[in-house]
Structure formats: structure tokens, C-alpha cells
Amino acid sequence: MQERYDPKAIEPKWQQRWQQEGLFKLKGNGEKRYVLEMFPYPSGKMHMGHVRNYLIGDVLARYFRTKGYDVLHPMGWDALGLPAENAAIKDQRHPADRTRENVAQFKAEMLSVGYSYDWEREINTSDPEYYRWNQWFFLKMRELGLVYRRMSRVNWCPGCATVIANEQVKDGACERSGDQVVVKRMPEWAFKITAYSEQLLQQIDQLTEWPERITSMQRNWIGKSEGAEIVFKIDGADAALTVFTTRADTLFGVSYVVVAPDHSLMSKLVNAKTAEQVKAFAADQEKKAAAQKKDEEPEKEGVFTGAYAIHPFTGQKVPVWAANFVVSDYGTGAVMSVPAHDQRDFEFAKKYGLPIKVVIQPKEGDKLASQGLAAASTEDGVMFDSGDFTGLSSEEGRRKVCAALKQKGLGGSAVTFRQRDWGFSRQRYWGTPIPIVYCEKCDPNHEGISVPLEQLPVTLPRIDVAKVLTGRGEPPLAKVPEFINTTCPKCGGPARREAETMDTFVDSSWYFARFLSPKDAKLPVDPAEAKRMLPVDVYVGGPEHAVMHLLYFRFWTLVMKQLGLVSVDEPVKKLVTQGIVNGPDGRKMSKRWGNVVSPSDIVARFGADAARTFVMFAGPPEKDIDWSDEQVEGCSRFLGRVWRLAYAQRDCASEGVPAGGETGNALAIRKASHKALMRVTEDLERLGFNTAIARVMELVNFLTPMAPSADKAEKAAMAEAVRLIAFMLSPFAPHLCEEIAADYGATQSLQARSWPAFDPVLAAEDSVTYAVQVNGKLRGQIQCAVEAGEAEVKAMAEKDGAVAPHLAGKAIKRVVFVPKRLVNFVVAG
RNA sequence: GGGCGGGUGGUGGAACGGUAGACACGCGGGUCUUAGAAGCCCGUGCCGCAAGGUGUGAGGGUUCGAUUCCCUCCCCGCCCACCA
């Protein structure tokens with residue numbers, strides 16, 4: 001054993017040995033644990049956020065292996081997507097070449113940190129053998145009616161020259177490029193995720209090991225709303241407007257109906273006089289909406305359409321307006337306005353001089369009058385001036401109104417969701433080609449002909465970057481004749497391929513299942529493997545994926561179940577969302593602030609073990625942490641102390657297991673180490689990595705001052721302690737620990753051995769410090785035997801020198817006794 | 001506007017309703033050294049020489065006892081948002 005701790009001398013050695021011995025491979029038997037971290041987009045370099053993300057998974061994977069589980073811990077590359085293509089446009093290099101280099105560099109960095117991945121299962125989404133299965137899923141889902149083509153208003157990013165999902169728009173700007181998003185009408189492909197909204201919502205209840213903030217975001221995102229649909233016939237036209245409302249009890253207070261400016265029935269509502277006005281209004285609103293920034297509540301504006309709607313109960317005619325506060329793709333795109341009981345409607349009515357009528361009275365207090373109302377009264381109450389429904393509570397009224405509507409055939413109760421379908425076509429090159437062909441002869445309506453399964457994969461053509469990746473104009477693939485021109489699978493005549501590619505969220509929606517059979521050529525997922533290995537036991541990633549990826553892959557799991565590929569309803573049992581690693585200044589690491597800390601620099605300076613230990617010690621996994629060079633140095637010093645301890649005590653390295661009959665310090669050493677082992681084990685089970693490390697520090701601090709002993713029992717106790725430290729620390733600082741364990745006689749890697757069990761007798765305390773309080777204030781402390789009874793402890797406490805003065809001359813009213821904790825004297829005065 | 005987190009020393013953070021501040025950083029002192037670095041040892045919430053007092057964003061409540069539970073409020077972060 002060397003005297004000096006030199007991470008550079010030991011780390012590469014162990015990294016090599018682990019891979020050689022195949023220690024991180026799945027064995028195929030025993031109880032399984034599937035630990036997965038969100039796979040990265042392989043940008044050039046790993047940053048600290050990555051390091052932490054994979055470390056949380058790695059510590060668990062390493063711990064689970066020693067606990068005897070059959071652990072799957074794979075890694076792959078989310079390699080398709082916008083960044084690679086944008087980079088390609090910028091420097092005119094083919095995305096495939098860049099990706100290959102980036103993957104190599106990223107992987108080398110991962111290896112240098114000592115992550116315990118099974119690299120034989122590595123996958124890469126830009127590999128045709130991966131994305132062919134995206135195409136396979138597309139075709140299967142099309143058969144199931146879960147894929148469709150729609151004309152839709154899409155978010156168009158002028159910078160990326162592509163359609164982006166609602167979820168990818170932030171503050172009216174493209175999440176990636178920051179360009180102002182404009183509204184454009186285009187055909188696009190969509191997945192019918194809304195067919196599963198209800199199920200996705202219901203099953204959130206099963207996600208008991210997900211952070212509540214994530215499940216609550218998903219609930220919000222799905223946005224189930226229960227209410228009623230109410231049909232308003234249009235006066236003098238063969239048309240009817242259906243509105244959605246959660247307040248059917250306010251139906252008798254309707255003073256107008258509002259539709260979205262681009263409502264599908266608009267042409268039937270307008271007349272010769274209003275048509276132009278409405279059209280101009282709609283165009284104007286669209287322009288304003290595109291320029292809209294966050295936190296700016298737009299002025300409510302509207303225009304009368306010229307039509308009147310007939311109230312389903314009173315037969316009264318109310319005007320139909322078009323207004324900017326109604327969105328076309330939520331509910332039915334039309335609402336009934338009840339100004340007295342909805343603030344938005346109230347403001348609009350005031351502005352345009354529309355009637356306001358109170359139909360809900362508060363349960364208690366003064367009655368409301370329609371005249372001079374200062375604001376809408378949105379609380380539930382009692383129905384008023386509402387025909388036969390007058391006097392009903394809001395809640396009962398809603399039920400009765402719905403029932404009556406249903407009877408009349410003019411609506412009824414209804415449920416609506418905020419969640420939209422997932423538009424997934426992208427006008428991009430670096431994505432999965434959509435396996436569709438357009439043939440003028442067989443498919444004159446351009447619905448798209450599915451490429452037959454046996455013709456998959458439709459591979460991305462190798463392109464002339466300069467010609468194709470210009471970043472503007474028609475989709476890149478449309479510029480590649482040898483790709484776009486093909487033959488129709490039906491008639492064999494000339495046809496054109498779909499030029500659009502898939503959203504990369506498709507890739508990440510099922511990759512967790514591909515790791516189970518990464519080379520399977522028959523199916524995307526081997527159902528037998530899936531049955532054994534799913535769900536993922538622990539999934540680690542950033543909370544920023546709460547509503548996109550984490551919802552899409554739940555959806556995909558339901559589809560895979562339907563296809564008989566998997567047998568679980570949910571992909572992930574426990575979700576861990578890790579906090580951000582900020583710069584030393586507490587700000588987000590970025591070039592802008594010049595506070596970026598590079599993992600490879602840190603590994604080069606302090607070694608992987610010190611970097612790993614710091615990242616885990618800095619705080620609990622889900623919390624943001626600030627990078628701190630001083631703290632890393634502290635961790636490095638700590639590892640040095642561990643090394644020095646092992647070195648100083650090296651004479652005991654040949655000792656075997658303690659044989660009992662402890663002499664000298666042996667018992668104290670054994671008690672300390674077993675107690676530490678107990679607590680570290682508990683901490684690891686509950687993901688308390690920072691406190692687990694602290695426990696080992698305590699033990700090391702306790703052992704460091706002890707000089708090497710000649711006493712046989714003490715030597716054995718010390719050898720045991722060092723070996724236990726190596727085990728306890730091995731998930732965090734695996735290289736150092738392997739080295740020490742080997743020096744202390746281990747012939748196998750720690751990853752091939754079993755996590756030691758602590759001796760409960762040794763771990764137990766044998767004396768207890770009682771806190772003694774008088775009226776809840778700490779006045780003294782006493783040492784008692786663990787088995788000391790209540791009476792004995794109380795008597796001791798009362799006589800204690802520090803306590804007695806506070807009790808002198810006072811009547812003890814009560815004595816609270818908490819076993820092994822404290823005694824509290826409650827005295828008068 | 002709605003939802004969800006969070007607020008503890010100079011700093012990162014610990015604390016099943018039971019001794020607040022484990023562990024670490026920083027700082028101060030000591031030891032070793034010709035000197036330094038690295039070790040090692042001691043101290044370190046705040047006020048106070050001390051006795052003692054005080055202290056977990058603010059205020060109230062429950063309790064023998066509250067960082068922890070309840071109510072009101074303030075601040076910070078994240079997510080959603082003319083959603084009918």
C-alpha cells in the first residue's frame with residue numbers, strides 16, 4: 001500500500017477492471033432492480049448537472065448490487081434532434097459525424113467518473129436500428145387509430161423554421177432558439193394522447209413514489225374539468241352552438257354567447273354586414289396573440305357576429321359575439337357568458353354595455369342586485385330568478401339543469417380536458433422519417449399511405465449538408481430527390497415520401513424498454529424481458545421534464561401494453577428529480593456568468609471519487625446545490641484521511657473477522673463501526689446520501705486519533721472498521737474503496753460482494769443521555785443506563801446539580817418522561 | 001389569478017413533536033517544521049467577562065415541550081394560466 005492517496009494512480013485501473021470483469025451486467029436471475037437516468041442528448045461535453053444526475057443513479061445501482069439484486073443500469077444517447085441540426089447548419093458538418101464524435105467524448109467522460117453502466121446495452125436513437133421501431137410504432141398506432149393527420153394552427157418558429165409543440169413554447173417564444181413564435185395553419189401528424197387523458201389522470205394515483213410536485217403538475221396539465229355542454233340554437237339559421245360550462249347553475253343569467261374568433265361555425269354566424277368586421281377582428285387578434293408576452297393580460301376585445309342564440313329554457317334571444325378571451329381548442333370553443341357570476345364576462349359586459357343579471361344569491365348575507373354590481377359574484381349559492389330551478393343550491397342545480405338539458409336533447413353533463421393531442425411532425429432532417437408515402441393516384445386526398453412494415457426502416461439519406469441544411473424553406477428531406485421520390489406501395493407508380501420527421505420525444509418515450517433487448521430485430525421490446533424487468537424501479541432526471549417526456553412515456557407505456565409488448569401500466573415506480581448544480585456564485589452555471597465548472601477539470605484536479613463525494617455530500621438529491629471548490633477540496637481531504645487511516649493501520653490488514661472477547665479499544669471500535677453501518681444503511685435506503693457520508697466522516701474522525709495497537713482483538717476490530725468503511729463509502733468513492741478493500745485482503749471487487757449486515761447488539765447504545773427540562777427549558781443532562789426505568793431516571797434527574805436549583809421550593813405539578821430522550825419537570829410559578 | 005416547493009449560524013446543510021445547528025466549508029488558536037505546504041489537536045449561532053439570556057422569515061394557536069402540527073401574513077423559486 002502506498003503512503004499517499006493518489007486518485008490518478010488508482011482510478012483508471014479500477015475502471016478497467018470493472019469493465020473487464022463484466023460486473024455491471026445483468027445476471028438474468030434473482031430479484032431485479034432497474035435503475036435508469038434520463039439519457040442525454042450527446043452535446044460535446046458533460047456538465048455538472050449530468051454528473052449529478054447519473055451519480056444519483058450510480059450510487060443506487062452500486063448499492064443495490066451489493067444488496068444482492070440483479071441490477072440493470074444502462075446508458076444510451078438521445079442523439080436525434082434540433083441542437084445537432086442547428087449546429088450542422090452553422091458549421092456545415094453532417095450531424096451524424098458530429099454526433100459520433102460527441103458520443104465518443106461524452107462516453108469517455110462518463111467512464112472517467114466511474115459510472116457503473118452495462119455498455120453492452122448502449123443504444124443510440126440516431127441508429128436506424130433504433131428509429132426503425134419509432135416507425136414501427138407509428139404504423140401500429142395508425143392501425144389503432146392513434147395517429148391522425150390534422151389541419152391545425154401550429155406554433156411556427158421562424159428561427160428553427162419548424163413547427164414546435166405547445167409544450168415547447170415559453171413566453172410566446174421558441175424554447176430552444178428564443179424566436180418569437182407565430183401562428184400558422186398547416187397539416188400535421190398527431191398522436192391521440194387525449195384518448196388516454198382519463199386513464200393517465202386516474203393512474204396518477206398509482207404513482208405513490210413520485211414527487212408530489214410532479215404528479216400535481218401532470219394533473220394540472222391534463223386538466224380535467226367536469227361541467228355541462230349546452231346547445232344554443234342559432235336564430236334563423238340551421239346551426240347550433242355548443243358551449244362548455246362548469247356553472248350550469250348560472251344558465252338563467254346568460255346575457256350573450258361568445259365564440260373564438262376562428263370558430264368553425266363562424267361562417268354561419270356572420271351576415272353580409274358583419275363578415276368583414278369579424279374577419280378583420282380575427283386577423284388583428286392573431287397578430288396581437290403572436291406578439292403576446294407572459295404576464296400581460298390582454299385587453300378583452302370582441303365584436304358582434306350578427307347572430308342571436310336561443311336560450312334552451314327561456315327561448316330568449318341573446319347576441320353571439322366573437323372575442324379574444326375564448327380559445328378555440330379548449331372545450332367547444334364557445335362559452336355562455338354570465339356577467340353577474342364570472343369576472344371575465346363581467347368585464348366584457350361592462351365594456352360593451354351588455355346586460356348583467358343576478359341568478360345566484362349568496363347562502364347567507366345580503367342579497368345581490370343586478371343593478372350596480374361592482375364585480376362578479378363567483379361563489380356557489382342559491383339559484384334565483386331561474387324558472388323552475390329557483391331555490392336550488394348551486395350544486396343541486398347543476399345536476400338538475402344537466403338532467404333537464406339531456407331530456408330536451410340540448411346538452412347534458414360533460415367532461416373536458418385541457419390536454420391536447422400531441423402534434424409530432426417536424427420539418428427537420430435530423431429525426432425519424434415518418435413512414436408515409438403520397439400517391440396522387442391511390443391517395444388523391446393526401447391522407448398518406450403507410451409504408452409496409454417489411455420495408456422498414458425508412459432511413460435518413462446521407463445528404464449534402466450545404467445544399468440541404470439551409471435552415472429555411474421547405475423541409476430538408478424535400479430537397480433530397482433520391483429520398484423523396486419513391487414508388488407507391490399500392491400501385492407501384494411514382495410517389496413521394498413524407499418529408500417530415502418525428503419529434504424526438506418519440507425516441508425518449510420508449511427507450512427505457514429498448515434497453516431490455518437492445519438488439520432485438522423482431523420487436524422493439526421483448527415481452528418476456530419486459531415482464532421481468534419493468535417497471536423501472538428508480539428513474540432519475542430533471543424536474544423540467546414533468547409534463548412533456550414524463551407524460552409522453554406514460555402514454556407510450558399504455559400503447560405498448562395494448563400492443564402486448566409490456567405488462568405494466570406505468571413505466572416507472574419511483575421517480576427522483578434532482579436539483580440543479582449552480583455555479584459557485586449561486587447562479588445557474590452558464591457561459592454568460594462565467595461560472596461554469598467542467599467535470600473533466602474537476603476529475604483531473606481532485607479525482608473522480610472526490611468529485612462524486614462532493615456532489616452527493618452537498619445536499620439532498622432533489623435540492624439545488626451550489627458548486628464549491630472549497631467543499632470539493634474538503635471531500636478530497638476526507639478521502640485522504642480515509643486513506644491515511646487505512647495506511648496507518650495497515651499492520652492489521654491481515655487480521656480476520658473479530659473473534660469476540662474484545663480487549664483494549666476493540667469494543668469501542670466495533671460499536672462505533674457497527675453503529676455507523678446501521679445508519680449508513682438506513683440513509684442509503686431513504687436516499688439520504690449527504691447524511692450517509694456524514695456518518696462515515698464521524699466514524700473516521702473517531703478512529704483517526706487511534707494509534708496502531710499490538711492488541712490482537714483491537715487489531716481485528718480496526719481491520720473490520722476499515723473494511724466496513726470501504727464498503728460504506730464504495731457507492732460514493734468506488735475507486736478508493738476498491739483499493740483499500742484489496743489492500744485489506746479482498747480478492748473480489750466490492751461490486752461482487754454482499755453489503756455487510758450490522759450487528760444489532762454492537763450497534764445499540766448502552767447508555768443514554770437524558771435531557772432534563774424544567775418547564776420545557778433545558779437545565780441539565782444526565783447519563784443513564786439504557787435499561788434504567790422511569791422512576792430511576794426521574795430520581796436522578798431531580799437530584800442533578802444543574803437541575804435542583806430550578807426545582808428548589810417549587811411544587812412539581814407533573815413530570816413528563818420520554819424513554820431514552822428526556823425528563824421534563826412542570827413546576828408551578 | 002391557480003397549483004406546488006422552499007425560508008435554520010459567515011456558508012452548504014443536520015434534526016421519529018423531545019438537548020436546534022450532526023457533518024462539512026470558512027474563520028481563530030495550538031502542535032509539527034529552519035520556513036512553508038500537508039497532517040494532527042482545540043475552539044467557533046448571537047449578546048454577555050461571567051452567571052445567564054436569546055435563537056429556525058413575521059405574528060398568533062395547539063402542547064409539559066414546536067424547525068416539525070394548525071391559522072394569518074411576508075419573501076424566494078418552479079409550473080400552469082383569458083381553460084369557461
Side-chain angles (χ1 to χ4, degrees), chain A residues 4 170 211-221 223-225 227-228 243-247 250 258 260 289 292 294-301 323-327 329-338 341-345 347-348 416-419 543-544 546-547 577 579-580 584 586 613-614 617-620 622-635 637-638 640-641 644 648 679 688 690-698 700-701 704-705 769-781 813-827:
Chain A
R4 251 179 58 81
K170 284 222 161 73
E212 200 197 295
R213 70 190 197 106
I214 303 295
T215 52
S216 116
M217 270 189 237
Q218 293 216 344
R219 271 198 191 91
N220 252 306
W221 190 264
K224 182 178 181 175
S225 179
V243 305
F244 176 78
T245 180
T246 53
R247 292 298 303 274
T250 65
V258 188
Q292 191 61 46
K294 198 191 178 182
D295 294 336
E296 271 178 31
E297 182 116 326
E299 179 75 8
K300 287 172 186 40
E301 288 180 292
N324 60 347
F325 67 86
V326 176
V327 292
D329 51 0
Y330 178 75
T332 61
V335 300
M336 61 179 211
S337 278
V338 185
H341 304 293
D342 181 289
Q343 187 57 28
R344 221 180 23 211
D345 297 344
E347 286 167 30
F348 194 78
T416 195
F417 293 90
R418 180 170 311 187
Q419 186 180 32
E544 67 275 16
V547 284
T577 50
I580 298 166
T613 305
F614 163 72
F617 182 63
E622 67 281 4
K623 216 168 156 169
D624 291 356
I625 59 174
D626 294 345
W627 184 264
S628 159
D629 270 10
E630 288 84 7
Q631 294 268 357
V632 185
E633 247 177 273
C635 287
R637 282 206 296 266
F638 163 64
R641 275 206 300 281
R644 274 191 300 280
R679 302 179 74 174
N690 54 338
T691 52
I693 294 168
R695 300 302 163 220
V696 184
M697 287 173 169
E698 276 179 283
V700 172
N701 289 344
T704 296
T769 308
Y770 275 86
V772 184
Q773 299 180 332
V774 177
N775 283 347
K777 270 200 166 53
L778 182 70
R779 295 301 180 187
Q781 292 168 37
K813 290 203 299 194
R814 191 180 154 189
V815 185
V816 180
F817 175 78
V818 182
K820 298 185 186 181
R821 293 277 177 190
L822 62 63
V823 179
N824 185 14
F825 293 99
V826 185
V827 300

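Because the structure is predicted, anything quoted here is derived from the model rather than measured. Computation of the quantities below employed the complete heavy-atom set of this structure, encompassing side-chain atoms and omitting hydrogens, waters and symmetry-equivalent molecules.
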Of the listed nucleotides B:rG18, B:rC64, B:rA24, the one nearest the side chain of A:Arg641: B:rA24
message: Below the 4.0 Å mark, does B:rA38 have OP1 or OP2 next to a side-chain nitrogen or oxygen of A:Arg644?
response: no
field: Short side-chain N/O contact from A:Asn690 to OP1 or OP2 of B:rA22, under 4.0 Å
entry: no
task: Tell me whether the OP1 or OP2 atom of B:rG39 has a side-chain N or O from A:Arg637 closer than 4.0 Å.
output: yes
Heavy-atom donor-acceptor pair, A:Asn824 side-chain to B:rC64 base, under 3.5 Å: yes
- line: Its dot-bracket string being built from Watson-Crick and G-U pairs below 3.5 Å, with | for another strand and [ ] for crossing, RNA chain B has the pattern (((((((..(((.....[....)))((((((.......))))))(((....)))..(((((..]....))))))))))))....
field: Any A:Arg814 side-chain nitrogen or oxygen under 4.0 Å from OP1 or OP2 of B:rC64
entry: yes
task: Determine: side-chain N/O of A:Tyr770 to OP1/OP2 of B:rU19, distance under 4.0 Å, yes or no.
output: no
query: Under 4.0 Å: is that the gap between some side-chain N or O of A:Arg344 and OP1 or OP2 of B:rC83?
result: yes
task: Pick base, sugar-phosphate or nothing for A:Pro705, based on heavy-atom distances below 4.0 Å to the nucleic acid.
output: sugar-phosphate
query: Is A:Arg779 near enough to B:rG53 that one of its side-chain N or O atoms lies under 4.0 angstrom from OP1 or OP2?
result: yes
message: Which residues pass the side chain to side chain donor-acceptor pair (under 3.5 Å) test with A:Thr246, not counting sequence neighbours?
response: none
